[in-house]
Amino acid sequence: MTTPVPIAVPRKGRPLEAVLERVASVVGADAESLADDVSSTLRYEKAVTKGGVEESRGPYERLAAYSSPADPYAPEYTLLRDDRDGMPRRIVFDSVIVDVGDVPVHLVGREEPFRALRTHEFALGFDSADLVLEEVVDLRPSGVAGLDDVNTRIDPQESDVRVVTGLGDTVYHTLMATPELLPAGADLDRSFVETYEGDLCISPRYERLVTAVLGTDATRDVSFTYPARDADEEEAAIAETGIGVYLTVTGSTAREHGLVLGEHLFPSETVLMANAAEASTTIDRVRDRLVREEAESVLSV
């Protein structure tokens, strides 16, 4: 068999499912069955880890049942420690080989695919666009509005990695505020934050991301606050603060807390990334197939 092209992918959750769906849309029926198999297995394991499902078998028994070591085209899994109380062992995706056109591709699970690309372990990988903002996007007076802005704000001396395209599994970082905070007729958008002075509630560790998205001008007079570690819903903390930024799909929970939904600031989307320093003819062919150019356009890289 031709040496497979390795691609770093997330180990679990929505981002991995988005990757498998993209591969299936390119490869066809066999990959669709693979995507369904991996996704259903990991959803079940998540339920076991969270205590929603009782399992008589231990994690090693389940791991053995899921695995087919003799078949590289069958998915493999591995065990990681989960950060929940008691640090339970959680079964997550490890690897599988699929043929993308005439090129075998080795999807390799990584906890931090983006960083694996930054250190040149991989030429291609999938990860959340959030991590690019958190680590390498320049902070500027104006904010980053979408994926198209990302590559222009990566210092070439800082990283060889560039975003190629998004996968469409979009959850937006969204402004939320209590009605009392908004003057009559005011829109809850970036321009409102530019005139706002006070606390802004965000998820812990998102200071750089939110600053990149809003811009340094808008966050100059803002003090970031965070939900309590034991908070059930971050929207409740935002309601207590008065204004904040949070990831949301429908905004239903925010409305339950009396919050007004404002501007969608930035798509928290799984993206295909490439390390330009590791490019080759074969890698470019795989990248172009995964982009599905008939449906999406390649970002400026």
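Count residues from 1 along the sequence. Note that the structure is predicted; figures quoted are calculated from it, not measured.
- For the pair Glu55 (side chain) and Arg57 (backbone), a donor-acceptor distance under 3.5 Å is present.
- Counted by atom type alone, Asp169 and Thr270 present one or more donor-acceptor pairs between their side chains at under 3.5 Å.
- Side-chain contact between Leu20 and Val9: absent, with no pair of heavy atoms (C-beta onward) separated by less than 4.5 Å.
- Atom CD of Glu240 sits in a sparse spot, with 12 or fewer heavy atoms from other residues, nucleotides or ligands closer than 6.0 Å.
- Of all heavy-atom pairs between Arg110 and Ala8, the closest is CG-CB, 4.3 Å.
- Checked for salt-bridge contact, Asp284 and Arg287 meet the test: a charged N lies under 4.0 Å from a carboxylate O.
- Considering Lys12, Lys50, Arg90, Arg62 in turn, Arg62 is the only one that fulfils the side-chain hydrogen bond (donor to acceptor under 3.5 Å, both in side chains) rule with Glu45.
- Contact of the Leu209 side chain with the Phe266 side chain is not registered, since no non-hydrogen atoms from C-beta on lie closer than 4.5 Å.
- Checking Glu278, Glu158, Glu112 one by one against Arg118, the salt bridge (charged side-chain N to carboxylate O under 4.0 Å, His left out) holds for a single residue, Glu158.
- When atom types are taken as modelled, the side chain of Ser159 and the backbone of Asp155 share no donor-acceptor pair closer than 3.5 angstrom.
- Residues Asp37 and Pro75 come closest through the heavy atom pair OD2-CG, 3.7 Å.
- For the pair Thr41 and Val38, the minimum side-chain heavy-atom distance is 4.5 Å or more.
- Scanning all heavy atoms of the two residues, the minimum distance from Ser95 to His106 falls at CB-NE2, 3.3 Å.
- Put simply, the side chain of Thr170 does not reach to within 4.5 Å of the side chain of His264, judged on heavy atoms.
- Although no hydrogens or angles enter the test, the distance criterion places no donor-acceptor pair under 3.5 Å between the side chain of Arg153 and the main chain of Val137.
- Residue Ala24 comes nearest to Ala31 through the heavy atom pair CA-CB, 3.6 Å, listed as atom of the first residue, atom of the second, then distance.
- Side-chain contact between Leu79 and Ile91 is present, with heavy atoms from C-beta onward closer than 4.5 Å.
- For the pair Val132/Val161, no side-chain contact is recorded, criterion being any heavy-atom separation below 4.5 Å from C-beta on.
- Pairing each heavy atom of Leu147 with each of Glu269, the nearest pair is CD1-OE1, 3.5 Å.
- With Glu134 as reference, Arg205 is the one residue of Arg208, Arg205, Arg115 to meet the salt bridge (charged side-chain N to carboxylate O under 4.0 Å, His left out) rule.
- Ring geometry for Tyr77 against Phe93 counts as perpendicular: the plane angle is over 60°, on a 0 to 90° scale with 30° as the lower cut.
- Side chains of Thr216 and Thr211 form a contact here, defined as non-hydrogen atoms less than 4.5 Å apart.
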